[in-house]
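Worksheet: one structure, shown below.
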Number of protein chains: 2
Amino acid sequence: MYSIGQVSKMFDLPIPTLRYYDKEGLFRDLEREPSGIRKFNDQSIEALRVIECLKKSGMQIKEIREFMDWCAQGDSTLEKRKEMFYQQRKEIKRQMEELQKTLDMVEYKCWYYDTACEEGSEKDLKKDFEKRMPEAIRQCFENAHR
Amino acid sequence: MYSIGQVSKMFDLPIPTLRYYDKEGLFRDLEREPSGIRKFNDQSIEALRVIECLKKSGMQIKEIREFMDWCAQGDSTLEKRKEMFYQQRKEIKRQMEELQKTLDMVEYKCWYYDTACEEGSEKDLKKDFEKRMPEAIRQCFENAHR
DNA sequence: TCTTGACCTAAAGTTAGGTTTAGGTTGTAC
DNA sequence: GTACAACCTAAACCTAACTTTAGGTCAAGA
């Protein structure tokens, strides 16, 4: 059993954020002491791990709550939950591809400014950067503009 | 030269978004017709490509404006701009690592629900999923929990 | 001439995901 | 018995990045 302060430190999340998640219904099974103090058990900790994961993959709080609702409903929702994770996997892979394109653009810009800094000016480079691009950078450039 | 409507279609961005970017000072060189209508030239188009790239890597509008200001100031800011792209490259690589961890967690969950769906219940699986995990999934699981 | 479509502005509104504030309770150490 | 830390709630506030609204200009075609 963990207090909200302990969980806050474990996950490096502010206490009000944990309360906010609770208010939004993300901890279905959260117990309380008679005085009203929250008690996080291993299930809540695992839930929080899943919450963090789904948030990082771009899911909204209300979608995460829906998932938590499904969990609470038991085995009848197993297929739905499975589908959700398969879709999320697809979504993450899409994000990775997009991020790779962004990185390609940034790699090109790094080369561009490296060269411009060496020359002390970007005037000449601006004119025919395409001709002067090394092959590795050309590929980044082309990928980034597609 | 392109109208705001053409640019909107080219980049699949709403017209008010382009106006908003302009108001925020993201197009330093944007020309206007005497009547006030915006004319996007190749420079503005290239600027928009950079804006999209920097936004995708998580940069804020005001940081992007600062970069555009540097561009307008000429060669004296080349080092700053180079530094910015190097830092952004680092940031994107960090994001990719994080996304990989998220994917690992989701891969584990896909396996979990695959197995649970086959059995029609997650009761048994919940008890000793660690013992039953295939080696490939175990690695995802461990990575995701680090 | 009148209507239509594409553009303009300023200002108000929206949304998600928190964060802050104000005021109150509880349990333990001195 | 009082001070202190750690918890609680409800409600107001905040921020970024748009989006919508309301009202207006302008050029071309019927």
To the nearest angstrom, how far is [X] atom [atom1] from [N] atom [atom2]?
X     : N      : atom1 : atom2 : answer
B:F40 : C:dC8  : CZ    : C1'   : 13 Å
B:M1  : C:dC7  : CE    : C1'   : 17 Å
A:R65 : C:dA16 : CZ    : P     : 11 Å
A:L18 : C:dG18 : CG    : P     : 10 Å
B:E24 : C:dA11 : CD    : P     : 15 Å

(request) Any chance you could list the contact pattern along nucleotides 1-20 of chain D? Use B for base contacts, S for sugar-phosphate-only contacts and - for none, protein heavy atoms under 4.0 Å, 5' to 3'. (result) ------SBB------SBBSB

(request) Indicate if B:I45 and B:I15 have the same hydrophobic cluster label, given that clusters are the connected sets of ILVMFWY residues with side-chain heavy-atom separations under 4.5 angstrom. (result) yes

(message) Tell me every residue that passes side-chain contact (heavy atoms from CB on, under 4.5 Å) with A:C110, counting only those two or more places apart in sequence or in another chain.
(response) A:V106, B:F85, B:Y86, B:R89

(request) Give a yes-or-no answer on whether the side chains of A:Y113 and B:E79 include a donor-acceptor pair shorter than 3.5 Å. (result) no

(message) When you compare the side chains of B:E91 and B:Q95, does any donor N or O come within less than 3.5 Å of an acceptor on the partner?
(response) yes

(message) I need the B:Q60 CD to B:K55 NZ distance, nearest 0.5 Å.
(response) 10.0 Å

(message) Under the ring pair (Phe, Tyr, Trp, His ring centres under 6.0 Å) definition, can you give me all pairs with a residue in residues 27-51 of chain B, not counting sequence neighbours?
(response) B:F27-B:F40

